[in-house]
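Report on the following structure.
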Amino acid sequence: ARTDGSAVSAAGFVEPAGVEVTLRLQARDQFDNLQVWTAFTGGEPFVGQLVRPSGGADPLLDAVTLDLRNGRYELTFTQTVASVYEFTTYLGGTGDAASVVTNLGAVSGGVFVPVVINPGPRHVPSCAATGAGFEAGTNDPVVNIQSVLFVQEADQYGNRRAAFTIVNGAVSIFTVTFTKTTTPQLGRQWTQTYAIAAGATPGVHGVVYRPGTEDGTTIPPLAGNFTVAIGVDGVGIRSSPFAVRFSPGRIDIAATQVSGPGIVFDFMNPGTVRAGIPSYFTIQARDAFGNNLVKSPEPPSADRGYFDVNIKPFGPDFDGKNAQGSVMDFGNGTYLAQYTATSNALMLLTVNNGLVPSSQFKYQPVLHGPIIPRPGEDPFTGTGGLPYPDQGRVFDYVAAEGEFQEEGVVVVILPGQLDPTLTQCADGTPEGRAVVGGGSCPGSCGTLEAGKIGGLDMRITARDGFFQPKNDKDADLELFAFLEYFANARDPETGAPLVRGPLNPKTRGYESLWELPDGSDNIA
């Protein structure tokens, strides 16, 4: 017997995956006479087997034998795995060397027919993408740092093609579309163009891109979550669209933002800070393109954090004391800063000694949360729009002529809460000025004659817990004074000293407890 040599060369034959292959067999007797089928001599048990020498899954494939009942047989198989094979024909059972058909026509002296199964045409849904961020266990690409994703052409059976698909004389490339799926700029989208590089591996499309960067625009690169859709004519490759995250770049102090109540210049609103009461604000570390960091950078050393907060008085007299804040690192690129001032004055607040520019201090009414966007800002580009709302409540520091210009903002430190143990009482007359603390009046405050108005003259200076003079009123506290008794006034029957309650009900806040004859206030 021998195979039909019309489709077989000395090197065997080549077919694409998934194509049905038929080899024809002519039965002969030992004298090379054609075997004619009869009811008594036909129906020889010829079988064929396709073997993949390299092994792998299912390396053996049995052919289907069709007896044409004329001394001819057809051995048919369909192989979908691209590789190099050997096709062997047996008379009887497979694996018996004595029954191997060796008269293989053009394959002189062989015991098998060499078969090469090549990948079929490109099948877009079977093509696959690889690269950083596209495969499990790989690092996220970093914004604006060149990266490459690879798209491997494949046939419908998943065989990797070793040739590019040509359409109208040119390589048919894939469409690659990036879409932002998180804020800011939610929904922004662009298509990445690419070209096949010289020397590229046939069948492998290398798409060179800069993560988060849209070619041909001046819009800063975006970090965050994206979907990446890859396909041809609306048909996606395997697993498309891909969920990919682009990481922000290295920290840039000049782009880092500061926000929250503790940076607001305001005499009356809740943003105002008080001496002795901790004030808080948020620091958001960002990269040079304005992307929020999602992981805090390593601090300069083990004994100090990445950010420092300082607050100091300024102005002609430089009254007051410096204060240094503390910063808590949440590990995700955000920090909680806190400081406690002890002087009521205009103070200069700086972060990292002014390395964070004044322009990066943004008004934010709450401690945590994103910066309020600009009205009219383009949500897809992050550009345009009006100034930040209420940004006027944050005062940039402007040095006076001849003074050093520093980067920071001005905050108003109001006095702390009233402290009666430090509040001072003194003789109100021009001379003397004896001062005492704790609410006690010195003996030189004057003599009050029983039954007559006047004679007692004193001056009270309200102070907070840091001995700073009060220039405001605490709604929940009051300062009052009273005479405990008149030394020479006694009850005519019992002889006991006459005790008086508080003088005048006008005691809320720090208003005058007594009035001068002209009705004016004598409290300093």
Side-chain angles (χ1 to χ4, degrees), residues 139-145 182-184 211-212 220-225 245-264 271 273 278-312 314 321-342 347-372 382 388 391 394-397 404-411 413:
N139 295 327
D140 294 336
V142 178
V143 291
N144 208 46
I145 295 180
T182 52
T183 57
L222 280 173
N225 295 340
R245 179 173 182 82
F246 297 148
S247 295
R250 297 171 59 87
I251 185 172
D252 188 310
I253 295 292
T256 292
Q257 284 188 330
V258 178
S259 63
I263 69 168
V264 176
V273 294
S279 298
Y280 299 90
F281 59 88
T282 299
I283 300 174
Q284 175 62 66
R286 305 202 304 170
D287 65 14
F289 310 109
N291 297 300
N292 292 343
L293 267 60
V294 295
K295 181 180 180 181
S296 298
E298 290 294 328
S301 63
D303 59 348
R304 64 182 295 265
Y306 205 93
F307 290 100
D308 297 317
V309 173
N310 289 281
I311 184 166
K312 62 182 180 180
F314 71 93
K321 302 176 182 178
N322 291 7
Q324 187 167 6
S326 61
V327 180
M328 178 187 297
D329 183 358
F330 291 113
N332 60 357
T334 61
Y335 302 77
L336 179 64
Q338 176 261 326
Y339 65 90
T340 302
T342 59
M347 307 288 275
L348 170 61
L349 172 64
T350 63
V351 177
N352 281 29
N353 294 318
L355 293 181
V356 177
S358 304
S359 59
Q360 294 303 100
F361 287 74
K362 304 297 182 182
Y363 175 74
Q364 175 72 13
V366 296
L367 189 59
H368 300 294
I371 303 298
I372 297 175
Y388 286 99
Q391 185 62 23
V394 178
F395 278 34
D396 295 348
Y397 172 70
F404 177 69
Q405 176 63 48
E406 297 184 73
E407 294 291 329
V409 294
V410 179
V411 291
I413 308 297

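Small disclaimer: the values here were computed from a predicted structure and weren't measured.
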From [X] [atom1] over to [Y] [atom2], what is the distance, rounded to the nearest 0.5 angstrom?
{"X": "I145", "Y": "F246", "atom1": "CD1", "atom2": "CZ", "answer": "12.5 Å"}
{"X": "Q338", "Y": "Y280", "atom1": "CD", "atom2": "OH", "answer": "5.0 Å"}
{"X": "Y339", "Y": "N310", "atom1": "OH", "atom2": "CG", "answer": "12.0 Å"}
{"X": "I413", "Y": "I311", "atom1": "CD1", "atom2": "CD1", "answer": "4.0 Å"}
{"X": "L293", "Y": "Q284", "atom1": "CG", "atom2": "CD", "answer": "7.5 Å"}
{"X": "K362", "Y": "T282", "atom1": "NZ", "atom2": "OG1", "answer": "15.5 Å"}

- Query: Quick one: which of I253, D329, T256 gives a side-chain contact (heavy atoms from CB on, under 4.5 Å) with Y306?
  - Reply: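 That would be I253.
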- Message: So if I apply the side-chain contact (heavy atoms from CB on, under 4.5 Å) rule between V394 and each of V410, V258, V409, which one comes out positive?
- Response: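 Going through V410, V258, V409 one by one, the side-chain contact (heavy atoms from CB on, under 4.5 Å) with V394 is satisfied by V409 alone.
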- Are any non-hydrogen side-chain atoms of Q360 and V351 less than 4.5 angstrom apart? no
- Message: With heavy-atom distances below 4.5 Å as the criterion, would you say the side chains of V294 and N332 are in contact?
- Response: no
Kindly give the heavy-atom pair with the smallest separation between [X] and [Y], and that separation in Å.
{"X": "V327", "Y": "V309", "value": "CG2-CG2, 3.7 Å"}
{"X": "P211", "Y": "P221", "value": "O-CB, 4.3 Å"}
{"X": "G249", "Y": "V142", "value": "CA-CG1, 4.0 Å"}
{"X": "P357", "Y": "L355", "value": "CD-O, 3.3 Å"}

Can you check whether [Y]'s main-chain N or O pairs, donor with acceptor, with [X]'s side chain at less than 3.5 Å?
{"X": "R286", "Y": "A255", "value": "yes"}
{"X": "N291", "Y": "A223", "value": "yes"}
{"X": "E407", "Y": "S358", "value": "yes"}
{"X": "N292", "Y": "G333", "value": "no"}

- Task: Please list, chain by chain and in numerical order, all residues satisfying ring-ring contact (aromatic ring centres under 6.0 Å, His included) with F395, sequence neighbours excluded.
- Result: F265
- In chain order, what residues pass the ring-ring contact (aromatic ring centres under 6.0 Å, His included) check against Y397, with sequence neighbours excluded? F314
- Query: Under 30°, 30 to 60°, or over 60°: which ring-plane class applies to Y335 and F307, parallel, tilted or perpendicular?
  - Reply: perpendicular
- Query: Given V356 and F361, is the side-chain contact (heavy atoms from CB on, under 4.5 Å) satisfied, shown in steps?
  - Reply: CA-CA 8 Å; V356 177; F361 287 74; 4.0 Å; yes
- Message: Could you check whether atom CD of Q405 has more than 12 heavy atoms from other residues, nucleotides or ligands sitting under 6.0 Å from it?
- Response: yes
